[in-house]
> 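The structure's right below; bear with me while I get my questions together.
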Amino acid sequence: MNTILIILLFLLMIYIDKKRGVKLFLSLFFNFLILMILFYFIAIGLNPIVCSLVGCLAMSYIILFFVNGENLKTKTSFKSIIIVLMILALLIYIMTTLSRVAGFGYESFEEINMFSYDVKIDFTNIAISLVLISLIGATVDASIAISSALFEVYENNKKLSKKELFISGMNIGKDILCTSVNTLLFAFLADFMTLVIWYYKGHYSFLDIINSKTFASEFIRIMFSISGCLLVIPITSLMTTKAITNLKEKQK
Amino acid sequence: MKKIKLLIITILCLLSVIFIYNDDFIYNKEIMKINIIKTTKEDTMENTLGLKEKYYYRQITGVITNGKNKGQIKTVEYEEAYSSVVTDKYKVGDKVFIKNKTIDGLKRDFYISILISIFLILIYAVGEYKGLLSVLSVILNMIIFYIGLDLYFRGINLLFIVVIESIIFSILSLFIAGGINKKTISAIISVFICTITSLLMLLIIVKLTNYKGINFNELSFLTVPPEDIVLPELLIGMMGAVMDVAITISSSISELIDKDKNISVKNLNKSAKEIGKDIMSTMSNVLFFTYLAAGLPIFVLAIRNGYSISNYISTNFSLELSRFLVGSIGIIMAIPITTFISIKIFKEVK
């Protein structure tokens, strides 16, 4: 079934745009390979946080420079993404360690009961990588949208001051925010569906649900994915404004 | 003004976090605050691959903070594994639930409330009024989602519910985000048509392949047949992304018509395709990471148990993959559908 879906996706991508479609399909394929290598490195016991930071940067590199081309816009986005990842990695580290969401909750026991649990690898750090990898797509998306739009604004009106540019960056960000929140929310709701059915069947109360490990780990994943979008808005606006001012000075 | 409002929100959040930290009295389960953790015994176990796992037997002493035993000191036994696959690592100062003389999970509501507070402050700081509106639409959507599942347990077909819900979801989210106007109406119609088309496509594919190559392991714990859940789940997963594409394209088309009232349908189509190209790549990337990352913990467990990568991809990963694929197909189908509908609506009403 997945093979048919893959072929269908490829055909539809080509239908929208031949060159871009092939590029996009290839980039998804490469990212899938990187993701698998990244997963594998984590599984054999390399430090999950370092691995996922490097992997996330590699995958955003592919999205930005292979699909969107190497230019000032993508370079600025890439820099902003590095900053956002560093800030979020710290926050995620604190939150996941504090709320003890490593490993699996009762709800997943059936899914994993064919495995032995004696695996000698600390799942605390793996929980952190899980959140980091989940948020990178949405963060890159928001970042490139803002930097492209801001360069567009600058092209149309070269007289804008630093402050005006930053404010228009924030305004563009607000528009992206609503739609990104929706995309992420529904993707997670789909994940939640099985969980909610489980809670419903097990007669969980509201308090049981918010204290359960599976809920908490999913919730942390959603919240940080949206926070990635949120944080990247001011940071990309700031970085792009800086890049534009540098450009102006060079032209003088 | 914004600063004052931000300050008010921060104070409210802080107060509720403090309240939730001390809300032990609303729980029926016994809660204990850990004071002392002693390790009584250490043990090593080996799995079939020869990986040595350390086990620690802890004696945990603390004060009961709620119920009729409030204030009493209690000691429980807890077995903790190094990997924390199914156990947790508790520390002094943690509040935990007690059940049958052992620990039954951490009291996590405090951390959840911290997360919500940080999130609310951040979303107001960046998105202001609009940010809070999107939180409102999220909450409303969650309620509808829950009502839908409730109806399912009363015996209504879940697929039917999801199709109806897709209309309500898009009306709610798009009206809240963009107000009632031609742009949002054309987006809502497009979302509906897109949902129906994707559903038909999925039904045909399922009929042809009979879920061949999809492994329902992840859904195995449910007492309901997995086939009932899979299609609705796939549809819900793409809803958000399809809405996003629909509103972006219909706004840009209305913008183009506003700028040049005599623009030809051919030119409109061309520009819409240009915009579609950009969204297609970014949106499919968002779904790619959101879905595929979810497979990491089981991947690690499988590899550590001697499974090969290809084995893993074909069993545990197949469902995540099809979620991503269906979502991306939905996004791309939304591009021509929305273009067609918007042009019809804007050109005809004129």
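Within every chain, numbering begins at 1; the chains are lettered A, B, ... in the order of the sequence lines, protein sequences first and strands thereafter. Treat the numbers as computed from the prediction; the structure is a model and nothing was measured.
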> Quick check: closest heavy atoms across B:Asn305 and A:Ser116, and the distance to 0.1 Å?
OD1-N, 2.9 Å
> Could you tell me which non-hydrogen atom of B:Phe299 sits nearest to which non-hydrogen atom of A:Ala43, and how far apart they are?
CE2-CB, 4.1 Å
> Which of residues 119-128 of chain A get closer than 4.5 angstrom to chain B, counting heavy atoms alone?
A:Val119, A:Lys120, A:Ile121, A:Asp122, A:Phe123, A:Thr124, A:Ile126
> Which pair of non-hydrogen atoms, one from B:Ile236 and one from A:Ala190, has the smallest distance, and what is that distance?
CG2-N, 4.0 Å
> Select one option (side chain, backbone, both, neither) describing which atoms of A:Phe115 are under 4.5 Å from chain B's heavy atoms.
both
> Against chain A, label B:Ile329 side chain, backbone, both or neither, depending on which of its atoms sit under 4.5 Å from a heavy atom there.
both
> In terms of heavy-atom proximity below 4.5 Å to chain A, should B:Lys29 be classed as side chain, backbone, both, or neither?
side chain
> Got A:Tyr15 and B:Pro336 here, is their nearest side-chain heavy-atom distance under 4.5 Å?
yes
> Quick one: closest heavy-atom pair of A:Ser99 and B:Arg108, and the distance?
O-NE, 2.8 Å
> Just checking heavy atoms, which of residues 139-148 of chain A are less than 4.5 Å from chain B?
A:Asp141, A:Ile144
> Considering only heavy atoms, which portion of B:Leu106 lies under 4.5 Å from any heavy atom of chain A: side chain, backbone, both, or neither?
both
> If I take atom CG from residue B:Asn285 and atom CD1 from residue A:Ile136, how far apart are they, to the nearest 0.5 angstrom?
10.0 Å
> Any side-chain hydrogen bond (donor to acceptor under 3.5 Å, both in side chains) pairs touching residues 288-299 of chain B, not counting sequence neighbours?
none
> Given that the side chain runs from C-beta out, which part of A:Met95 has a heavy atom under 4.5 Å from chain B: side chain, backbone, both or neither?
side chain
> Compute whether any side-chain donor of one residue and acceptor of the other, for B:Tyr55 and A:Asp118, lie under 3.5 angstrom apart.
yes
> Quick one: what part of A:Leu35 sits under 4.5 Å from any heavy atom of chain B, side chain, backbone, both or neither?
side chain
> Quick check on B:Ile332 against chain A: is it the side chain, the backbone, both or neither that has a heavy atom closer than 4.5 Å?
both
> Among B:Ile247, B:Asn141, B:Val138, find the residue that satisfies the side-chain contact (heavy atoms from CB on, under 4.5 Å) test when tested with A:Asn182.
B:Asn141
> If you look at every heavy atom in B:Leu287 and A:Ala187, which pair is closest and at what distance?
CD2-CB, 4.1 Å
> Against chain A, label B:Ala241 side chain, backbone, both or neither, depending on which of its atoms sit under 4.5 Å from a heavy atom there.
both
> Go through the atoms of A:Ile233 and report whether side chain, backbone, both or neither lie under 4.5 Å from a heavy atom of chain B.
side chain
> Could you pull out the closest heavy-atom pair between A:Phe224 and B:Leu115, with the gap in Å?
CE1-CD1, 3.9 Å
> Below 4.5 Å from any heavy atom of chain B, which atoms of A:Phe25 appear? Answer side chain, backbone, both or neither.
neither
> Nearest 0.5 Å, please: how far is CZ in B:Arg304 from CD1 in A:Ile42?
12.0 Å
> Show the numbers, then the answer: is there a side-chain contact (heavy atoms from CB on, under 4.5 Å) between B:Val126 and A:Lys174?
CA-CA 7 Å; B:Val126 176; A:Lys174 268 179 225 165; 5.7 Å; no
> Between B:Ile335 and chain A, which part of the residue has a heavy atom less than 4.5 Å away: side chain, backbone, both or neither?
side chain
> Could you look at B:Leu296 and say if it's the side chain, the backbone, both or neither that has a heavy atom under 4.5 Å from chain A?
both
> Going by side-chain hydrogen bond (donor to acceptor under 3.5 Å, both in side chains), A:Arg100 matches just one of B:Asp88, B:Thr87, B:Asp94. Which one?
B:Asp94
> Identify which part of B:Tyr82 has an atom lying under 4.5 Å from any heavy atom of chain A, answering side chain, backbone, both or neither.
both
> So what's closer than 4.5 Å to chain A heavy atoms on B:Phe317: side chain, backbone, both or neither?
side chain
> Within this structure, what is the CE-CZ distance for the pair B:Met280 and A:Arg20, rounded to the nearest 0.5 Å?
7.0 Å
> Name the region of B:Asp150, side chain, backbone, both or neither, that has any atom closer than 4.5 Å to a heavy atom of chain A.
both
> Let me know if B:Ser83 has heavy atoms under 4.5 Å from chain A in its side chain, its backbone, both or neither.
both
> Heavy-atom cut-off 4.5 Å, strictly under: side chain, backbone, both or neither for B:Met238 against chain A?
neither
> Heavy-atom pairs under 4.5 Å with chain B are the metric here; pick the option from A:Leu185, A:Ile210, A:Leu207 that has the most.
A:Leu207
> Quick one: what part of A:Ile4 sits under 4.5 Å from any heavy atom of chain B, side chain, backbone, both or neither?
side chain
> Name the region of B:Ile26, side chain, backbone, both or neither, that has any atom closer than 4.5 Å to a heavy atom of chain A.
both
> Sort A:Asn171 into side chain, backbone, both or neither according to what part of it lies under 4.5 angstrom from a heavy atom of chain B.
neither
> Pick one of side chain, backbone, both or neither for B:Asp23, based on which atoms fall under 4.5 Å of a heavy atom in chain A.
neither
> Measure the CD1-CG distance between B:Ile121 and A:Leu230 for me, rounded to the nearest 0.5 Å.
12.0 Å
> Quick one: CE on A:Met1 to CG on B:Leu325, what's the gap to the nearest 0.5 Å?
9.0 Å
> Roughly how far, to the nearest 0.5 Å, is OG of B:Ser84 from CZ of A:Phe104?
11.5 Å
> Checking heavy atoms, do the side chain of A:Leu189, its backbone, both or neither come under 4.5 Å from chain B?
both
> Side chain to side chain donor-acceptor pair (under 3.5 Å) with B:Glu274: which residues, sequence neighbours excluded?
B:Lys277
> Would you check if A:Thr194 and B:Glu233 make a side-chain contact, meaning some heavy-atom pair closer than 4.5 Å?
yes
